[in-house]
2 protein chains.
Amino acid sequence: MHILLADDHDMVRETISAYLESEGGAEVALAIDLAGALQSIRQDGPFDLVLLDFQMPGMNGLTGLIQAISANKGGRVAILSGSAPAKTAREALEAGAIGFIPKTMGAQSLLNAVRFMSSGEVYMPVELMREEEATDHPLAEKLSPRELEVLESLCKGLSNKEIARELDLQEVTIKLHVRTLCRKLDAKNRTQAALTAKEAGLF
Amino acid sequence: MHILLADDHDMVRETISAYLESEGGAEVALAIDLAGALQSIRQDGPFDLVLLDFQMPGMNGLTGLIQAISANKGGRVAILSGSAPAKTAREALEAGAIGFIPKTMGAQSLLNAVRFMSSGEVYMPVELMREEEATDHPLAEKLSPRELEVLESLCKGLSNKEIARELDLQEVTIKLHVRTLCRKLDAKNRTQAALTAKEAGLF
DNA sequence: TAGCGCCCTAACCTTTGGTATAGGAACGCT
DNA sequence: AGCGTTCCTATACCAAAGGTTAGGGCGCTA
């Protein structure tokens with residue numbers, strides 16, 4: 001197996017690669033950011049599998065993934081993520097990733113998944129696949145669709161008026177939603193509501 | 001070397017332990033959370049070194065560290081952290097930790113640090129020691145001490161009046177600081193300022 | 001059909017937030 | 001001494017946020 005592992009945490013990178021090499025007999029190339037990964041791909045030809053850390057310089061979201069896929073001709077690019085929101089996992093697959101690996105996974109399972117993906121199979125942990133559970137953030141369940149839209153704008157720091165324009169509603173209506181949002185999120189004001197939503201990783 | 005490694009990420013735990021065992025000849029016990037770690041310490045006697053992930057169920061801040069230190073009689077407890085704010089590192093040392101290891105550290109350096117700490121020496125990466133650089137978040141540099149205090153309260157979602165009470169100042173003064181904060185953080189309002197500060201990992 | 005939950009709007013009011021302008025006190029610096 | 005910076009205070013005005021009550025429309029369901 002010819003594998004490229006890109007992660008900006010030296011420790012993660014080196015220990016995982018050591019494990020894949022000793023236990024899995026893989027040949028592992030390393031990169032510390034997206035730029036390094038892309039260069040390595042172009043230089044040392046297409047890999048059987050490219051593992052990209054999701055939070056890494058240059059990645060910003062899925063654009064880095066897409067670049068890597070186009071660089072590594074045969075595809076075979078997987079995302080490695082520490083805190084895995086199920087939604088991004090599915091988005092990654094839709095964007096063409098061959099797999100999604102949360103770091104909460106065991107080392108042995110990782111090895112299996114890597115073998116799996118190296119041979120061209122798509123890998124995705126079942127916990128992240130359940131359609132329903134996916135969008136269902138524990139917090140989001142209580143909110144109506146409208147409220148979610150408003151909350152998202154709230155998290156951009158927009159004013160009621162701006163939100164009203166964005167959603168094509170009256171300002172008063174926004175106020176209403178903001179009030180109920182504050183109640184549901186147990187916040188005293190819009191700022192706390194936005195902070196809470198952010199911390200819950202909703203957006 | 002008799003070592004206990006506690007981390008809730010299976011992958012991190014298993015790969016690091018595999019590395020420490022094969023390359024460092026260490027004997028590594030594992031735990032997936034603080035409770036497990038404490039139990040393991042009490043059962044299998046004091047370890048030469050206990051490595052605790054800073055973000056792990058049961059840790060909440062430094063209280064988990066302190067528990068572990070008192071459980072592992074000889075001390076010898078070190079913190080392992082993914083995103084390492086220099087401030088917490090120093091706080092951990094003050095609380096009695098024998099070392100602080102950011103996951104951005106290389107695997108070989110990790111091994112050295114572990115050997116070092118196992119023999120009772122305090123280990124701390126130099127980058128995190130420089131007194132000045134410590135509080136110096138790239139963003140925080142531009143802000144006066146007062147502004148930082150206000151910003152911190154802002155990040156709790158407090159109103160101007162509440163902040164004024166907390167800092168024993170007049171409300172108008174807070175407004176002033178909020179305004180300059182918004183200017184310096186390039187935010188349109190308090191909410192955006194708070195969000196920006198949070199994202200920069202300031203608090 | 002009646003009831004319920006969600007969504008939208010209205011008018012009205014109070015509190016809070018944001019801006020401007022101006023001045024005083026404390027500190028370090030040259 | 002004079003200068004600049006930071007910090008604090010003050011007055012005043014307008015905009016925005018927060019809250020209340022009241023009402024209409026829509027779709028679902030008992």
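Note on naming: letters A, B, ... go to the chains in the order of the sequence lines (proteins, then strands), and numbering restarts at 1 for each one. Computation of the quantities below employed the complete heavy-atom set of this structure, encompassing side-chain atoms and omitting hydrogens, waters and symmetry-equivalent molecules.
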Side-chain heavy atoms of Met1(B) within contact of Arg115(B), under 4.5 Å: yes

Value in whole Å for how far the C1' atom of dC7(D) lies from CG of Leu176(B): 9 Å

Gap between atoms CG and C1', on Leu181(A) and dG19(D) respectively (whole Å): 15 Å

Glu147(B) side chain, from C-beta outward: closest of dC7(D), dC8(C), dT9(D): dC7(D)

Below 4.0 Å: OP1/OP2 of dC8(C) and any side-chain N or O of Arg146(A): yes

Asp53(A) bridged to Lys103(A) by N-O distance under 4.0 Å: yes

Residues, nucleotides or ligands: over 12 heavy atoms within 6.0 Å of Ile32(B) CD1: no

Ser118(B) side-chain N/O to Val114(B) backbone N/O, donor-acceptor pair under 3.5 Å: yes

Distance below 4.0 Å between Ser144(A) side-chain N/O and dG5(C) OP1 or OP2: no

Sub-4.5 Å side-chain heavy-atom contact between Ser81(B) and Gln55(B): yes

Value in whole Å for how far the P atom of dA17(D) lies from CD of Gln170(A): 15 Å

N/O donor-acceptor pair under 3.5 Å between Thr15(B) side chain and Met11(B) backbone: yes

Length of the line joining Ile174(A):CD1 and dG19(D):C1', which is rounded to integer Å: 16 Å

B/S/- contact track for nucleotides 12-18 of chain C, protein heavy atom under 4.0 Å: ----SBB

Axis-to-axis angle between the two ends of the helix from dT1(C)-dA30(D) to dT30(C)-dA1(D) (five base pairs per end, rounded to 10 degrees): 30°

Any donor-acceptor pair under 3.5 Å from Gln39(A) side chain to Gly36(A) backbone: no

Distance in angstrom units between Leu169(A) CG and dA10(C) P, rounded: 11 Å

Student check: side-chain heavy atoms of Ile163(A) and Glu171(A) closer than 4.5 Å: no

Residue closer to the 5' end of DNA chain D, Arg183(A) versus Pro145(B) (nearest nucleotide): Pro145(B)

Student check: side-chain heavy atoms of Asn189(A) and Gln192(A) closer than 4.5 Å: yes

dC6(C) OP1/OP2 closer than 4.0 Å to side-chain N/O of His177(A): no

